[in-house]
Amino acid sequence: MAALSEIKALLGESQFNWSDPMPWIQLQQEFGIEFPVDFREIVDAYGSIQINGQLYLEHPAGHLLHSLGETIRADLEMWREGGMAEFLPAPAGGNPGELMPVASAATGEWVFLRVPGGPSLPWRVLVQELDSPAWVLHEMTFSDWLLAYLRGEDVTVCSRNTAPGRPFWEFLA
């Protein structure tokens, strides 16, 4: 995947390199969706990490302290509550057109994947800023969105001045 090699060139080599598909199969069965290939490949390469001291990505392997499945369950519950649901343009969930929470940022943003309305339609990224009712739909794949973030482009996560010199990552403790 070209995007993964570009991400590694910007972020540095991965060290997790997970190859067992079972955690993804379990998530697919639980939430009724198959997460996009680019998202799975990035998370399988890096595991549960924090990028630039700000953006949190988690892997679904159950033995990890920070598990994507546990986080999604908690986030779906939060975003489905009446008070939070009004901040999203569509319901949180795994049905076509709904928003699946997959990442968050220390700066108060949540990153969602918009579930495509059909099998040939692309996944898209939506970022919701928790400190306001604002959200932005990015007409790009997760890997393209992450590349834009790593390059310091405005993808609604305050990435400026958090990565002196170049982007960096560390495993979540």
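What you are looking at is a predicted structure, and each value in this text was computed from that prediction instead of being measured.
Considering every non-hydrogen atom in both Leu10 and Arg166, the closest pair reads O-NH2, 2.8 Å.
Counting only distance, with no hydrogens or angles, the side chain of Asp38 and the backbone of Phe142 share a donor-acceptor pair below 3.5 Å. A donor-acceptor pair under 3.5 Å links the side-chain atoms of Asp20 to the main chain of Met22, judged by distance alone. Between the Ser48 side chain and the His66 main chain, a donor and an acceptor come within less than 3.5 Å of each other. The closest donor-acceptor contact from the side chain of His59 to the backbone of Ala61 lies under 3.5 Å. Using modelled atom types, no side-chain atom of Glu81 and backbone atom of Met84 make a donor-acceptor pair closer than 3.5 Å. With Glu98 contributing its side chain and Asn95 its backbone, the two residues share a donor-acceptor pair below 3.5 Å.
In this structure, Trp135 has its ring center no closer than 6.0 Å to that of Trp110. Under the 6.0 Å cut-off for aromatic ring centres, Phe112 and Trp79 qualify, their centroids lying closer than that. Taking the six-membered ring for Trp, His63 and Trp18 have ring centres closer than 6.0 Å. Within the 6.0 Å centre-distance limit, the rings of Trp169 and Tyr46 are counted as a close aromatic pair.
In Glu77, the CD atom is not crowded: 12 or fewer heavy atoms of neighbouring residues, nucleotides or ligands sit closer than 6.0 Å.
Between Phe31 and Phe35, the ring planes are perpendicular. Angles over 60° get that label, and only those under 30° would be called parallel.
Rounding to the nearest 0.5 Å places CG of Leu99 at 14.0 Å from CZ of Arg124.
Put simply, the side chain of Glu34 reaches to within 4.5 Å of the side chain of Arg40, judged on heavy atoms.
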Inset, instruction - Just do the side-chain hydrogen bond (donor to acceptor under 3.5 Å, both in side chains) check on Asp44 and Trp24 with the steps written out, would you? - result: CA-CA 10 Å; Asp44 278 346; Trp24 292 108; 2.8 Å; yes

